[in-house]
Chemist: 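Dropping the structure in here first, questions after.
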Amino acid sequence: MSDQTPYNPAEIEPKWQARWEADGLYHSDIDRSKTKYYALTMLPYPSGEMHIGHWYAMTPSDARARFLRMRGFNVMFPMGFDAFGLPAENAAINRNIHPKEWTYANIRRMRQQLRSMGAMFDWRREAVSSDPEYYHWSQWFFAQLFKNDLAYRKMSPVDWCPHDNTTLAREQVWGEDRHCERCGTPVIKKDLEQWFFRTTSYADELLDFSHLDWPERVELLQTNWIHRSEGAEVHFIVDAEGLSADEARLTVFTTRPDTLWGATFMVLAPEHPLVAKITTDEQRELVEEYVQQALRQSDIQRESAEKEKTGVFTGCYATNPVNGESIPIWIADYVLMTYGTGAIMAVPAHDERDFEFALKFGLPILPVIDRPDGLTKSFVPIGTMDAGFEEALSELSIPFVKTEKGLNVTLPVDKVEQYVNLAQKHQLADVWTEVVGTGWIFIFNDEVLKWESQESEVRILELCKDLEPNVRHNRTLMEMLWECEFYRDALYHHEYGTMINSGEFSRTPGETAVQDVNEWLEGREIGKAAINYRLRDWLISRQRYWGAPIPIVYCPQHGAQLVPDEQLPVLLPDDVEWLPTGESPLKLHPTWKQATCPVCGEAAERETDTMDTFMCSSWYHLRYLSPDYDQGPFDPEEYDYWMPVDTYTGGIEHATMHLIYTRFFHKAGRDMGITQGPEPMIQLRNQGIILGEDSEKMSKSRGNVIAPDELVDRYGADTVRAYLMFFARWDLGGPWNSSGIEGSVRWIRRIWTLFTDTISPGNPTPETLQVLRRKVHQTLRQVTHDFETFEFNTIISALMELLNEMYKAREQGAVGAPEWDEAQDIYLRMLAPVAPHVAEELWGILGKPYSVHTQDWPDVDEAAAAEQQITLVVQVNGKVRDRITVPADISEEKAKELALSSDAVGKYLEGKPPRKVILVPGKLVNIVV
RNA sequence: GGGGAAGUGCUGGAAUUGGCAGACAGGCGUGACUUAGGAUCACGUGCCGCAAGGCGUGAGGGUUCGACUCCCUCCUUCCCCACCA
């Protein structure tokens, strides 16, 4: 070995970065002779520091983009900044820096950091969402949505963060305690006039993932988030004076129209507009108090599932349209104004929440669905039956289980008749009343009721009525009822079953019940099949300064008017002040609000809310197409060539926010003639999260943050890139390990050594060269495959293996042979996407023409990659007993023969003939004895 | 409460998708070269056992000639949603 230049990343990395930049090596322009590939990775927020997590997301994305480029695609890999948002304003408040100054200083710093990783970003395509040239078009998009009735303004109870002083989209409220995504403060509800985008119009289409190659997990998260429920809308008639016909028609949504006959009361959300109108004078005080209390409560208290049910009777009744029953209307905060119609029919027998409520307030419980297995359960308490009862049950082959409290009887449908007779014979009918009186319960069944006559049903219902509104001592009865596990089972722990107690619908089988009832409802115009979504319209108003102003003015005459296109962008004023009022500086600005109405030209007032930053990031992939274009949001010619995004990489945390919004944007854009095709991003892949060395989330307060800059200074970007690709499965992530990076350090250094040592040609055997060449092409095959499937860790390990093999070959004198030169050539091409600087440097040292990054990806020579000799595993009864080396093209007979004649096998056969010999060609022989 | 994902050496992780479990690394151990080493190189490293051998992919069962991989039951951890009618 001779002297060699030491590997010095600090020298070669900036050198090549400058050269590539100067040469425009990574510029991507329309080239119709090549297949385009739009590789996109989520843009960062300019917080001021690149986090190792950014690198973890971007490095493999960059490597893959480079790989695809070498494979002949015209690859675009752009970068930009999602630059509006709260942290800039908080910096302004806390440190007295203007958000603009803070943001752009951070962007400058992060650009430098991004460059240091040696990514192939085309910086000419950079887009910054806080540039007026950018938000001009965010505002333009708002205008388009407004014109197409996809943006609207409404007064609504919204989630409000008292710390950040702004409203939040539903997606930005997190966790059990319903806290603000940004600052962690629990949110409160506020009634405000706010702007919304009609995302719900696209709910069904957003559930269709058939055009997408997205992780199942993301599809599932979105599906659950949108949460489509099929059911029916049913109109109940409110029995109160002074209501218009419209008002008296109280519509509820239910997923179980087959349980309509079991509706024993109704519940309105406290905010429901009807509440004030229907409350009777006697109940008014209670109701008003309850409503006030519900409004005051934060969501934490209100939406806790653990919480005991609360509610108040309005004094008003409604008529159930299916059976004419008059049922009481209550209000309770477990009914949400924001879902469905804000009113429910309560079926305590088949809904756990309604059941709890009925229990607490002594409301009637009427089962209307039989058990799905067709079995009815009965309970006979000890002390109510005579001695012969058990025997009689046995004789009839009616199964039962003895418990401490009595008999759990499982009653097959065909035995009901006999059971009824038996019960009568044993005078259980008398017991019945006893049962109710002592707090025990019977099973409700169509047949049994007939037998017991209507009387017992009436008795039960009446008894329950006695409990109204809130007679505590009788709770015992309901609690004991609750204790009967079988009863709970029979109530709501089952799905569809035969309808009972439902008038003409009794005995309707569960399979058709919902549809039958829906049709019937529709025929009688008392309801219809309906679909509901949990997805809400997207609330985009933010009472903040650092965002794109909503391009609306309010005219006293003409109401909300769009700012005309030619007046866009509505610029954010720079001369603003932050006062500790919690109000947006835009509201406090002396003149900014003053505008004129585009209709009449009279004085009008500007909207002072700005748009949610997710609005800006919903279309940034379009701004990259032509960041300087000023005739529209993007140049249609560029759109035509580059869109849609072929591969999108980023964190899964955006599954129910950005990734829903951007799909909505694209689909709305398509319907408005702006975008084309069903989806904006075809393939999506998520990386995992890097944790600190302590396996905790990285945070400054924990002091476990890994700073990428320090790593680059210490090891060089190539090594950091390699380690990020190697250390974990990309989609899983995991804790950082600072000693683990030594492996990548050594690997790069060993590459350097191997390629820079000057060694005189040796005298290798043909076998050495063949083994080398085989390994080269096998590695190439694997690396190619793994790039395509995002298995970055095995790319590195394959390259490590090949390097070890090359060291071996060098030892055996391979240097100087054409196979050696080919190995070096292919190695550097495969290395180029992973470690672009060192690959470029070594490529130059070998005297190859600049640049390694513009080279073609080599083709696998399958003949060279094929094994000539294989190791045939010989198993006896599935256990490995021997390994024999045979030619790869060995015949079946020969392989079996060789396996059987192996010494090791002979030992296990003990002279017995094999029962069966299984051959897996090229793999193994299994001998069964 | 509902939905989902994952359990492989001391650690990160491989295993061509039903065919040699533990590739490639980290760590650790032994040695070499060194005045020195956070450098480099060689060898070793799943568990039990002196060995022959046996046992091993969260636990138990099943299918199969053969199971980390498929099926059933259970356990553990993590994530998401959560009074959504």
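The sequence lines fix the lettering, A, B, ..., with proteins before strands; numbering per chain opens at 1.
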Chemist: When you check the phosphate oxygens OP1 and OP2 of C80(B), does a side-chain N or O of R217(A) lie under 4.0 Å from one of them?
Modeler: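 No, R217(A) has no side-chain N/O under 4.0 Å of OP1/OP2 on C80(B).
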
Chemist: Would you mind classifying the nucleic acid contact of F726(A) as base, sugar-phosphate or nothing, using non-hydrogen atoms under 4.0 angstrom?
Modeler: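 Base contact - F726(A) has a heavy atom under 4.0 Å of at least one base atom.
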
Chemist: Taking the side chain of N804(A) as its heavy atoms from C-beta onward, which of C24(B), G19(B), C84(B) lies nearest to it?
Modeler: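 Per side-chain heavy atoms of N804(A), the pick is C24(B).
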
Chemist: The side chain of R746(A) lies closest to which of these nucleotides: A15(B), G66(B), G26(B)?
Modeler: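 The answer is G26(B).
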
Chemist: If every non-hydrogen atom of A332(A) is compared with every non-hydrogen atom of F357(A), which pair is closest and at what distance?
Modeler: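 The answer is CB-CE1, 3.6 Å.
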
Chemist: Begin from the C-alpha positions of E693(A) and S738(A) and carry the test side chain to side chain donor-acceptor pair (under 3.5 Å) through to its verdict.
Modeler: CA-CA 8 Å; E693(A) 294 210 75; S738(A) 13; 2.4 Å; yes

Chemist: Is there, by distance only and without an angle test, a donor paired with an acceptor across the side chain of R536(A) and the base of C84(B) below 3.5 Å?
Modeler: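 Side chain to base: pair present.
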
Chemist: Check for me whether the distance between the ring centres of F727(A) and Y56(A) falls short of 6.0 Å.
Modeler: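 So the answer is yes for these two rings.
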
Chemist: Hey, does N926(A) reach any base, or is it just sugar-phosphate, or nothing, if we go heavy atoms under 4.0 Å?
Modeler: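 Base contact - N926(A) has a heavy atom under 4.0 Å of at least one base atom.
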
Chemist: Describe the nucleic acid contact of R781(A) in one word from base, sugar-phosphate, nothing, applying a heavy-atom distance below 4.0 Å.
Modeler: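 If one applies the 4.0 Å heavy-atom cut-off, R781(A) turns out to touch nothing in the nucleic acid.
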
Chemist: Classify the nucleic acid contact of I918(A) as base, sugar-phosphate or nothing, counting any heavy atom under 4.0 Å across all strands shown.
Modeler: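 Base: the residue I918(A), judged by heavy atoms under 4.0 Å, touches a nucleobase.
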
Chemist: Looking only at side-chain atoms of R750(A), point me to the closest of C83(B), C41(B), A85(B).
Modeler: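 Per side-chain heavy atoms of R750(A), the pick is C41(B).
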
Chemist: Give S229(A) one of three labels, base, sugar-phosphate or nothing, depending on what nucleic acid heavy atoms sit under 4.0 Å from its own.
Modeler: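 Sugar-phosphate contact only - S229(A) comes under 4.0 Å of backbone atoms but never of a base.
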
